[in-house]
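Just so it is clear, the model here is predicted, and its values are computed rather than measured.
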Amino acid sequence: MKIIITQSEAMEKGIWPKVMSAFGLDKDDEVWDKEQFILTEEQAREFGLIR
């Protein structure tokens with residue numbers, strides 16, 4: 001299973017720093033609010049999105 005999350009959703013859930021790290025982004029990278037990131041099921045569990 002894959003989980004899609006946008007940058008703004010990740011910010012709302014407080015996991016944006018984890019998503020940034022998982023995708024090799026840093027604070028200087030430009031990212032759109034609606035930019036989508038595809039997480040594996042394992043990543044989604046690790047980030048607390050699913051059980």
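- The OG1 atom of Thr6 sits 7.0 Å away from the CD atom of Glu12 when rounded to the nearest 0.5 Å.
- Note that the CD atom of Gln43 and the CD1 atom of Ile50 stand 10.5 Å from one another [nearest 0.5 Å].
- When hydrophobic clusters are built by joining Ile, Leu, Val, Met, Phe, Trp and Tyr residues whose side-chain heavy atoms come closer than 4.5 Å, directly or via intermediates, Leu39 is not grouped with Trp32.
- Rounding to the nearest 0.5 Å gives a distance of 5.5 Å between CG of Asp33 and CD of Gln7.
- Annotation for Met20 and Lys27: closest pair CE-N, 3.4 Å, computed over non-hydrogen atoms.
- Residues Leu25 and Ile4 are members of separate hydrophobic clusters, defined by side-chain heavy-atom contacts under 4.5 angstrom among Ile, Leu, Val, Met, Phe, Trp and Tyr.
- Using a 4.5 Å heavy-atom threshold, the side chains of Ile5 and Gln36 count as separate.
- The line from CD of Glu9 to CZ of Phe37 is 11.5 Å long, rounded to the nearest 0.5 Å.
- The nearest pair of heavy atoms linking Trp16 to Met11 is CD1-SD, 3.4 Å.
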Please test Val31 against Phe23 for side-chain contact (heavy atoms from CB on, under 4.5 Å), starting from the C-alpha separation and ending with a verdict.
-> CA-CA 12 Å; Val31 181; Phe23 287 90; over 6 Å; no

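- When all heavy atoms of Glu35 and Glu30 are compared, the pair lying nearest together is OE1-O, 4.4 Å.
- With rounding to the nearest 0.5 angstrom, the NZ atom of Lys2 is 9.5 Å from the CD atom of Glu41.
- With values rounded to the nearest 0.5 angstrom, Leu49 atom CG is found 7.0 Å from Ile3 atom CD1.
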